Amino acid sequence: MSMHPVTERVTARIAERSRRSRGDYLARIDAARIDAPARRQLSCGNLAHGFAASGGDKPMLKTGSGGNIGIVTAYNDMLSAHQPMEQYPTLIRMAARNAGGSAQVAGGVPAMCDGVTQGRTGMELSLFSRDTIALATAVSLSHEMFDAALMLGVCDKIVPGLLMGALSFGHLPVIFVPAGPMPSGLPNREKAAVRQRYADGKATREELLEAESASYHSAGTCTFYGTANSNQMLMEVMGLHMPGSAFVNPNTPLRDALTVAATEQALRITALGDDYRPLGHTVDEKAIVNAMVGLAATGGSTNHALHLVAIARAAGLLIDWDDLDELSQATPLLARVYPNGSADVNHFHAAGGIGVVIRELIDAGLMHADIRCVHGGDLHQQTLVPELDGSTLRWASPPAQSRDTSILRGVAEPFDREGGLRRLQGNLGRAVVKISAVAPEHRAIAAPAKIFDSQNAMLDAFKAGALTGDFVAVIRGQGPRANGMPELHKLTPTLSVLQDRGQHVALLTDGRMSGASGKVLAAIHITPEAACGGAIAKLRDGDLIRIDAEAGTIQADVPEPEWAAREAAAIDLSGNAQGVGRELFGLLRAQVGPAEQGACSLFANDDMAGH
């Protein structure tokens with residue numbers, strides 16, 4: 001199958017745009033390669049410190065020639081998705097020892113739960129936790145003891161942060177090791193209905209808590225298709241998982257077998273052997289394009305309009321929202337998983353899951369098959385399905401067709417002709433919108449603005465009965481430089497109530513929405529942000545705003561002379577500087593780049609920094 005012309009064109013454009021930065025990156029990581037155990041570079045004193053507490057692995061680390069794996073773990077037992085990883089290092093050490101190598105926990109990184117911090121002050125640290133995780137990953141791997149690395153992480157900012165940090169050590173082979181989703185609980189739509197009733201004053205707190213705890217009920221990832229599960233899809237289509245690892249439930253024999261297999265494979269693909277697969281060469285422009293196509297085909301999280309830009313930059317690659325928009329318009333929507341449908345990720349996996357999606361997109365020429373996947377093959381092998389034959393791990397072919405076409409379909413009969421994410425642009429700037437969960441009749445709006453400087457201000461207006469008629473809720477001062485770009489998912493039930501009452505409503509913000517947000521039109525990540533003098537700060541109550549997700553436009557319908565003469569409103573950020581740790585993040589707020597450049601604070605000295 002020849003490549004789809006859009007995939008071919010966007011890939012070539014990225015490669016040309018990135019020629020200098022990618023060349024510099026590859027030269028740096030290639031120079032770091034060493035064809036002997038990395039620890040042999042260390043002085044005797046350095047090395048003795050490195051293996052002093054290694055017990056039975058000490059002889060191997062002292063005089064042996066086997067590879068040593070650095071484990072970077074995001075384990076904590078508050079975050080349900082990461083709780084199953086508590087025993088992973090023990091299992092990995094045993095598997096490495098049995099394969100003639102060794103493994104050490106190189107370091108731990110923070111793992112913040114957006115589910116706990118939604119609507120709370122701590123959400124202002126959420127996006128910056130990604131950059132913090134990248135820094136912590138780099139610190140973990142800086143000891144030069146390791147020949148490969150395993151990344152233990154699943155959730156929203158954790159996987160992007162781990163990958164960004166690991167890419168600074170792109171000469172190492174790196175495999176991502178997930179924990180899998182919790183078993184299905186209360187269906188996500190039933191949970192959302194209770195949330196909406198509660199927002200409308202028709203359900204009690206006790207009823208809401210019962211619904212929430214019946215949905216989030218066990219160890220493992222939340223089962224909706226938000227950012228965490230989009231992460232897992234991305235690791236598959238970029239070739240950074242063992243095949244089919246994403247959605248195997250935790251605490252099962254198959255899950256443990258996949259963790260052992262990842263350990264064994266990491267030792268096979270070091271520079272010490274003959275199948276060297278360094279991370280920095282796996283994550284190339286083709287892998288990044290695969291990620292954007294996979295995101296579109298599955299209706300994935302809008303947060304990856306930020307994360308993929310930052311991940312690409314960490315690999316010396318420059319992408320923008322035009323790339324994502326063009327690929328999304330060429331990619332059919334193949335999955336209906338909540339909030340894009342009623343199914344959860346367990347149902348999606350049972351219907352054929354990622355393997356079917358990848359095979360369909362390769363066959364359509366939309367995904368590049370010829371990437372150097374960590375498992376030793378190319379993306380064709382990524383479609384394989386893991387299963388146990390007794391205690392032996394084997395991989396089978398994915399089903400020839402979807403087992404449930406209400407959840408998963410092929411390219412010939414997609415749910416929609418295009419994917420879930422679009423770029424908007426106009427006199428208000430550039431923004432992102434997710435349309436895959438928005439009904440066609442709600443994909444465009446022309447309505448007056450109601451201006452708020454916080455989500456709580458809008459919720460107060462709702463409680464006061466002030467949100468009548470059609471309107472566009474403008475929540476500004478929520479960008480990365482203003483307050484760390486929190487998710488505004490707390491608004492979703494309220495806006496849904498208003499829409500269900502028959503009002504035409506939409507959201508316009510320089511902040512983010514949760515990957516679980518869905519049915520209300522939301523133009524998000526608008527850049528330039530208000531705190532940087534962006535046009536969103538020029539808006540006044542009553543200004544007519546036109547948003548058309550199909551046409552890709554976002555416009556303030558204000559006469560041009562008046563618009564040009566207006567000054568941007570000053571944004572009061574005094575309340576965002578302190579409390580719940582925010583005083584420690586002032587440097588990141590001051591340094592962070594704009595949303596379309598990944599809202600990242602790490603690239604201070606290159607052409608991706610600044611506004």
Side-chain angles (χ1 to χ4, degrees), residues 1-4 7 178 180-181 184 223 225 229-230 232-249 252 254-255 257-258 261 286-287 289-291 293-300 327 330-338 340-371 373-390 392-420 436:
M1 170 65 71
S2 60
M3 294 306 300
H4 191 287
T7 294
S184 300
T223 60
Y225 194 54
N229 286 315
S230 296
Q232 304 316 298
M233 176 277 300
L234 294 176
M235 295 303 97
E236 294 276 343
V237 303
M238 295 172 74
L240 298 176
H241 271 176
M242 297 301 288
S245 295
F247 300 130
V248 174
N249 298 125
T252 61
L254 181 55
R255 180 83 271 162
L258 285 165
K286 293 181 179 180
V289 166
N290 285 354
V293 169
L295 195 67
T298 57
L327 289 166
T331 302
L333 183 66
L334 304 184
R336 284 283 187 203
V337 188
Y338 186 84
N340 230 18
S342 59
D344 67 23
V345 293
N346 292 310
H347 306 137
F348 169 70
H349 185 63
I354 293 294
V356 170
V357 169
I358 293 174
R359 185 192 62 213
E360 289 288 320
L361 294 170
I362 289 175
D363 288 349
L366 286 160
M367 270 190 183
H368 295 281
D370 57 336
I371 62 172
C373 301
V374 296
H375 50 72
D378 63 15
L379 202 64
H380 288 289
Q381 285 74 49
Q382 198 74 44
T383 67
L384 298 177
V385 179
E387 57 186 28
L388 285 178
D389 180 3
T392 302
L393 179 63
R394 303 189 190 284
W395 273 273
S397 296
Q401 56 190 15
S402 170
R403 297 189 181 107
D404 188 337
T405 55
S406 70
I407 301 170
L408 175 64
R409 294 185 183 176
V411 169
E413 296 182 290
F415 292 102
D416 202 336
R417 62 181 175 79
E418 66 170 88
S436 55

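Because the structure is a prediction, the values reported are computed rather than measured.
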Determine the minimum heavy-atom distance between [X] and [Y], stating which atoms define it.
X	Y	answer
Ala330	His4	CB-CE1, 3.9 Å
Ser436	Asn340	OG-OD1, 2.9 Å
Phe247	Asn229	CE2-OD1, 3.4 Å
Met242	Leu258	CG-O, 4.5 Å
Ile354	Glu236	CG2-CB, 3.7 Å
Gly300	Ser230	CA-OG, 3.5 Å

Report the distance from atom [atom1] of [X] to atom [atom2] of [Y], rounding to the nearest 0.5 Å.
X	Y	atom1	atom2	answer
Met367	Met238	CE	CE	10.5 Å
Trp395	Thr383	CH2	OG1	12.5 Å
Gln382	Ile358	CD	CD1	5.5 Å

Student check: side-chain heavy atoms of [X] and [Y] closer than 4.5 Å:
X	Y	result
Ser245	Arg255	yes
Val237	Val293	no
Pro181	Asn249	yes
Thr331	Leu361	yes
Val356	Pro399	yes
Leu254	Leu393	yes
Pro414	Leu333	no

Keeping [X] on the side-chain end and [Y] on the backbone end, is there a donor-acceptor pair under 3.5 Å?
X	Y	result
Arg403	Ala350	yes
Glu360	Gly410	no
Gln232	Pro178	no

Gln381: what forms a side-chain contact (heavy atoms from CB on, under 4.5 Å) with it, not counting sequence neighbours?
->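 side-chain contact (heavy atoms from CB on, under 4.5 Å) check on Gln381 returns His375, Asp378, Leu384.
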Under the side-chain contact (heavy atoms from CB on, under 4.5 Å) test, residues paired with Thr405 that sit two or more places apart =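 For Thr405, the residues satisfying side-chain contact (heavy atoms from CB on, under 4.5 Å) (neighbours in sequence not counted) are Ser402, Arg409.
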Heavy-atom neighbours of Gln401 CD exceed 12 at 6.0 Å |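 It does not: Gln401 CD has 12 such atoms or fewer within range.
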Donor-acceptor pair between Asp344 and His347 side chains, under 3.5 angstrom |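 Looking only at side-chain atoms, His347 and Asp344 do form a donor-acceptor pair, the distance falling under 3.5 Å.
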Test side-chain contact (heavy atoms from CB on, under 4.5 Å) applied to Leu334 and Thr298, step by step = CA-CA 6 Å; Leu334 304 184; Thr298 57; over 6 Å; no
So Tyr225 and Phe348, would you call those rings parallel, tilted or perpendicular, with 30° and 60° as cut-offs?
->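 Tilted.
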For a side-chain contact (heavy atoms from CB on, under 4.5 Å) with Asn290, tell me which candidate from Thr7, Ile371, Ile362, Leu366 qualifies.
->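 It is Ile371, the one option of Thr7, Ile371, Ile362, Leu366 that forms the side-chain contact (heavy atoms from CB on, under 4.5 Å) with Asn290.
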